[in-house]
Asker: 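Following this message is one structure expressed as structure tokens.
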Amino acid sequence: MADRRIWHDHLEPLAAAGYRAIAVDLPGFGDAPAREDPAAWTALLETMDALGVEEADAAGQLLGSR
């Protein structure tokens with residue numbers, strides 16, 4: 001599982017602590033279709049704009065490295 005579901009157990013405690021917690025599928029993962037520009041930050045910024053989020057702290061899951 002490499003999609004927003006990995007954050008499921010963390011969203012409620014973050015919300016209870018007073019944070020607005022949002023889990024996002026990046027392009028090509030989970031429910032997000034793949035797209036020509038798969039840049040994670042582009043997708044994240046588009047989601048923030050759609051939700052009216054002006055600033056945020058971000059956390060992520062490493063998708064692999066060499």
Asker: May I ask whether Ile22 and Tyr19 are part of the same hydrophobic cluster, defined by side-chain heavy atoms of I, L, V, M, F, W, Y residues being less than 4.5 angstrom apart, directly or through others?
Answerer: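 Different clusters.
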Asker: What's the spacing between Arg20 CZ and Leu11 CG if we round to 0.5 Å?
Answerer: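 The CG atom of Leu11 is 12.5 Å from CZ of Arg20, to the nearest 0.5 Å.
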Asker: Could you pull out the closest heavy-atom pair between Ala43 and Arg35, with the gap in Å?
Answerer: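 Closest heavy-atom pair between Ala43 and Arg35: N-NH2, 3.7 Å.
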Asker: Once you round to the nearest 0.5 Å, how far does CG of Asp9 lie from CG of Leu14?
Answerer: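 CG of Leu14 is found 11.0 Å from CG of Asp9.
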Asker: Of all the heavy-atom pairs spanning Asp25 and Asp3, show the shortest one and how long it is.
Answerer: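 Smallest heavy-atom distance, with atoms named: OD1-CB, 3.1 Å.
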Asker: Spell out, yes or no, whether Leu51 and Met48 are grouped together once hydrophobic residues are joined by side-chain heavy atoms under 4.5 Å, including indirect joins.
Answerer: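 Same hydrophobic cluster.
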